[in-house]
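Here is the structure we will look at, set down as structure tokens.
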Amino acid sequence: MTDMNNPLEDWSKGVGQEKMLINGEWVEAENGEWLSVENPAHKGIEAGQVPSGGAIEVDKAVKAAANAFKSWKKVPARERGKAMLKIADALEAQSEEFAKLYTLETGNAIATQSRGEVMLTADLIRYFGGVASEIKGEVVPLGEDLLSYSRREPIGVVGGIIPWNAPLALGALKIAMAITAGNTLVLKPSVEAPLTAIKLARICSQFLPKGVLNVITGSGSKCGQSLLDHPMVDKLSFTGSTDVGRAVMKSAAQKIIPVSLELGGKSPQIVFPDANDDVTVQNVINGMRFVRQGQSCTAGSRLFLHESIFDSFLEKLVSKLKAIKIGDPLDESTQMGAIVTKTQYNTVLSYIEDAMNQTGARVLMGGMPPKEGPLAEGYFVEPTILTGVNPDWRIVREEVFGPVLVVIPWKEEEEVIRMANDSHYGLSAFIYTHDMSKGLRTAHEIESGFVQVNQGLGISPGNSYGGFKQSGIGREWSLEGMLESFTQRKSITVNLTY
Ligand code: NAD
């Protein structure tokens with residue numbers, strides 16, 4: 001039985017079994033199987049369990065969503081927005097419980113990461129609730145005797161799939177964009193970290209009619225693939241890796257349905273010689289998302305330092321990173337927690353090991369984790385900095401999705417732009433200089449969808465966010481993103497002389 005109402009003190013023992021939401025009912029999988037969600041800060045300890053859903057549950061959820069769509073699309077947009085505002089308030093009222101559960105399932109530090117993501121999530125839901133009445137069309141001036149106008153109509157049943165790295169905010173994003181726009185949703189969180197998304201669904205189900213939001217859990221290959229292939233799904237919205245994104249696009253192509261893809265990245269951070277200061281060092285640390293263990297799609301994991309400041313900037317960076325406290329993510333003084341799963345931990349280590357075995361590579365700090373002591377109790381990896389890297393190495397080209405930063409020197413502006421753009425990804429970028437014309441010139445040359453100059457922050461509600469190149473298709477996080485990705489235009493012309 002689910003034990004989500006445990007006092008917070010007991011949560012380190014895990015939250016027991018949580019169910020799926022289908023047509024307003026909380027259900028187990030028909031096969032009776034459960035999947036374990038590990039607490040990454042304590043190897044071998046369970047954070048909870050979720051049903052191992054598959055094609056049967058996907059079918060039920062999609063049919064429930066299709067049925068609910070008939071009436072939900074007719075609810076005035078402002079009313080749909082009001083439901084979102086209530087959900088955001090209810091989430092905020094339980095923010096500490098959400099932060100603890102989030103810490104338990106993802107291994108993120110509660111003080112530096114989990115609480116912030118909960119508040120961002122409330123903000124995100126509130127943003128879409130607030131702009132609901134902007135889902136409007138236009139009048140086209142075709143002539144005095146014609147009334148020609150357009151409507152923004154919802155698309156239908158949305159299949160939403162999210163990854164484990166920001167499961168609460170990304171779950172909320174799909175819910176808020178799809179449902180505010182009048183669609184109904186079948187959401188599939190990652191089995192690695194599904195618990196806060198389900199807890200959010202518990203709140204949503206108090207304010208939304210049954211079938212408008214359905215949440216199914218299961219493996220990507222069975223549950224996720226069944227959702228992609230279901231004939232009654234009208235739109236796919238996927239956040240995850242570029243490889244799975246390709247499979248999502250293939251399924252969408254079979255049915256000719258719209259698809260939004262928010263995929264991976266290997267983003268550059270470019271430091272000009274005039275930005276060799278402590279503020280930029282902190283911005284680079286923020287941009288690399290070290291306190292999220294580097295597990296962010298927007299992580300600036302390729303640092304380009306001008307050769308004139310290469311050594312002195314790195315000295316400051318290493319000294320600041322060495323002060324970061326890693327450990328038990330529920331401890332208030334911890335700044336950096338654990339890698340989400342054993343699999344991901346092993347992937348990160350294989351990248352580090354591979355790079356360390358290359359001739360010329362230098363590990364300035366971090367590297368392979370300790371085999372004993374408190375950090376060996378969970379999937380902890382220290383901030384790792386590598387220099388002497390070759391642009392062709394895997395660690396420079398591929399997304400590690402861990403706290404691993406490669407540092408590359410540069411001489412000329414043209415050269416650094418070329419190196420920064422030498423990637424099949426194009427998600428985010430960070431540029432640091434006090435010379436604003438240089439900063440903006442570089443920002444315009446960079447092939448990325450989300451660029452920041454002189455700060456290393458995350459995405460804010462209202463940013464039209466999405467990737468260039470193989471980092472994705474479509475935009476989310478903003479009103480325009482919701483309109484473009486979750487509505488379809490209908491053009492209606494009336495002959496007034498009739
Ligand atoms: P992943 O692609 O392995 O999995 C993402 C989701 O897809 C999970 O729910 C998984 O179960 C599901 N899935 C896997 N195989 C599937 C299949 N064949 N059919 C349907 N669904 C399937 O990614 P991950 O490891 O969970 O997350 C990390 C990746 O997500 C990174 O590449 C990261 O950059 C990316 N990401 C991108 C953004 C963005 O906004 N661009 C945000 C967060 C994470």
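Only a predicted model underlies this, so the values are computations on that prediction, with no experimental measurement involved. Whatever order the structure lists them in is the order used to number ligands and atoms, beginning at 1.
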Taking the six-membered ring of Trp410 (Phe, Tyr or Trp), confirm whether the NZ or CZ of Arg418 is under 6.0 Å from its centre and within 45° of its axis.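 Arg418 over Trp410 ring: no.
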Where does [X] meet ligand 1, judged by heavy-atom distances below 4.0 Å: at the side chain, the backbone, both, or neither?
X: Ala247; result: neither
X: Ile162; result: backbone
X: Gln344; result: neither

Taking atom CE of Met249 as the centre, report whether more than 12 heavy atoms of other residues, nucleotides or ligands fall under 6.0 Å from it.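 No, because the 6.0 Å sphere around CE of Met249 holds 12 heavy atoms or fewer from other groups.
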Exceeds 12 heavy-atom contacts within 6.0 angstrom, atom CD of Glu25: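 Atom CD in Glu25 is not packed in, count stays at 12 or less.
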Give a yes/no verdict on whether any heavy atom in Leu227 is under 4.0 Å from an atom of ligand 1.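 It does not; every heavy atom stays at 4.0 Å or beyond.
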Atom indices of ligand 1 within 4.0 angstrom of Leu427 heavy atoms, with elements: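 Listed by number with element, the hits are 41 (N).
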Considering only the protein, which heavy-atom contact is closest to [atom], and what is its distance?
atom: atom 2 (O) of ligand 1; value: Ser241 OG, 2.6 Å
atom: atom 27 (O) of ligand 1; value: Pro163 CB, 3.1 Å
atom: atom 20 (C) of ligand 1; value: Gly224 C, 3.2 Å
atom: atom 11 (O) of ligand 1; value: Lys188 NZ, 2.9 Å

Among Tyr345, Tyr351, Trp164, exactly one meets ring-ring contact (aromatic ring centres under 6.0 Å, His included) together with Phe401. Which residue is that?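 When ring-ring contact (aromatic ring centres under 6.0 Å, His included) is applied between Phe401 and each of Tyr345, Tyr351, Trp164, only Trp164 qualifies.
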Quick check: closest heavy atoms across Leu317 and Val281, and the distance to 0.1 Å?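 The pair with the smallest heavy-atom distance is CA-CG1, 3.7 Å.
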Atom 41 (N) of ligand 1: protein heavy atom closer than 4.0 Å?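 It does: a protein heavy atom is found less than 4.0 Å away from atom 41 (N) of ligand 1.
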Using a strict threshold of under 4.0 Å (side-chain N to carboxylate O), is an ion pair present between Lys342 and Glu38?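 No salt bridge links Glu38 with Lys342.
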